[in-house]
Amino acid sequence: MKSLIIIFILFQNCSFLQAQFYTIGKKPASHKVQKQQDLPNDGKVSKNDSSTKVGKSMERHPDKWIQQYLSVSYPLDKLVVNSPYGWRRDPFTGKQKLHNGIDFQARNNEVYAMMEGEDTKVGYDKRSGNYITIRHGNYTVSYCHLSKILVTKNTAVKPNEPVAITGNTGRSTGEHLHLSVKYKGKYINPNILLEFIRKAKEETFKYYVQKQ
Ligand SMILES: [Zn+2]
């Protein structure tokens, strides 16, 4: 019951995300995503990927749904986008520039690892401020402008493990979390990964709703 309540709370918090994803297209993007991008937890999610029916093997093992739910995490408790991925006017130079990540509102918040992985880089530079880069299979996720880093280089991280505290370090006009994602070394829209997380959680949620 407790997990159900948590799931409900998370869904309420993340409703904006759904709204945003719906602007991408009416079909859930994750069908496409999982096939094309071989996400680390691909097997766990895609085999049972259905918005209307529950996978048979999962049905027999309800624990797997909980495991699936817990295998992914949003990077912050509350995701409010300040600036999306894509072309924009650079706040410092005024010129058009590709924003290689998403900026989320933040105020001294814990930042979580989104999946199992390894933090490969922990450092500081003038542009990113304090940053951390976590590898999840073919994906690398970077969090920038942090005030504090809570883990050390080359250590394993678990989904939902706090890895840093948001801040305003480096080239930043105010506190926020800059989240960027690379797939095989190339920047991609972090929404692809966030959508994968949303889908994994939503499937567990649907399973328990159907059980009621
Ligand atoms: Zn940014």
Side-chain angles (χ1 to χ4, degrees), residues 13-25 29-30 33 37 39-40 72-115 117-151 153 157 159-198:
N13 283 349
C14 296
S15 56
F16 96 93
L17 262 178
Q18 291 175 40
Q20 203 190 31
F21 290 134
Y22 290 150
T23 63
I24 295 168
S30 57
V33 169
Q37 310 272 3
L39 282 152
V72 291
S73 168
Y74 290 111
L76 293 166
D77 285 327
K78 201 175 170 199
L79 293 174
V80 179
V81 176
N82 274 350
S83 181
Y85 173 91
W87 289 92
R88 69 169 186 186
R89 188 190 288 267
D90 186 283
F92 286 88
T93 64
K95 289 180 183 164
Q96 284 292 312
K97 201 184 164 195
L98 182 74
H99 184 221
N100 66 16
I102 298 178
D103 293 341
F104 291 105
Q105 267 180 30
R107 187 60 59 91
N108 210 32
N109 297 117
E110 282 187 324
V111 181
Y112 308 111
M114 296 202 275
M115 284 175 279
E118 186 184 10
D119 46 341
T120 50
K121 263 192 203 169
V122 167
Y124 175 89
D125 70 45
K126 274 188 199 161
R127 208 167 124 246
S128 303
N130 294 317
Y131 69 91
I132 175 170
T133 301
I134 302 179
R135 181 184 293 280
H136 307 284
N138 281 327
Y139 290 79
T140 50
V141 172
S142 294
Y143 302 117
C144 303
H145 312 304
L146 306 164
S147 64
K148 207 173 170 186
I149 293 169
L150 305 174
V151 288
K153 198 184 160 192
V157 290
N160 202 230
E161 181 178 335
V163 293
I165 306 289
T166 59
N168 189 28
T169 57
R171 197 164 166 269
S172 168
T173 52
E175 180 167 350
H176 70 280
L177 176 70
H178 175 90
L179 165 72
S180 65
V181 179
K182 281 183 180 176
Y183 176 68
K184 293 185 176 173
K186 280 182 99 176
Y187 284 110
I188 59 164
N189 189 333
N191 270 345
I192 290 171
L193 213 50
L194 294 170
E195 169 69 6
F196 172 77
I197 291 165
R198 185 186 71 78

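Side-chain atoms are counted along with the backbone in the values below, which use heavy atoms only and exclude waters and symmetry mates. Indexing begins at 1, ligand by ligand and atom by atom, following the structure's order.
- Partners of D103 by salt bridge (Lys or Arg N to Asp or Glu O under 4.0 Å), not counting sequence neighbours, listed by chain and number: R88.
- Between atom CG of residue N189 and atom OG of residue S180 there is a gap of 11.5 Å, rounded to the nearest 0.5 Å.
- Protein N/O/S atoms closer than 2.8 Å to the Zn ion (ligand 1), listed by chain and residue number, are H99 NE2, D103 OD1, H178 ND1.
- Side-chain atoms of V141 and Y143, non-hydrogen and from C-beta on, do get closer than 4.5 Å to each other.
- Annotation: side-chain hydrogen bond (donor to acceptor under 3.5 Å, both in side chains) contacts of H145 (sequence neighbours excluded): none.
- Residues forming a side-chain hydrogen bond (donor to acceptor under 3.5 Å, both in side chains) with R127 (at least two apart in sequence, or on another chain): none.
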Discussion item. Run T166 and L76 through side-chain contact (heavy atoms from CB on, under 4.5 Å) and show every step you take.
Written reply: CA-CA 10 Å; T166 59; L76 293 166; 4.0 Å; yes
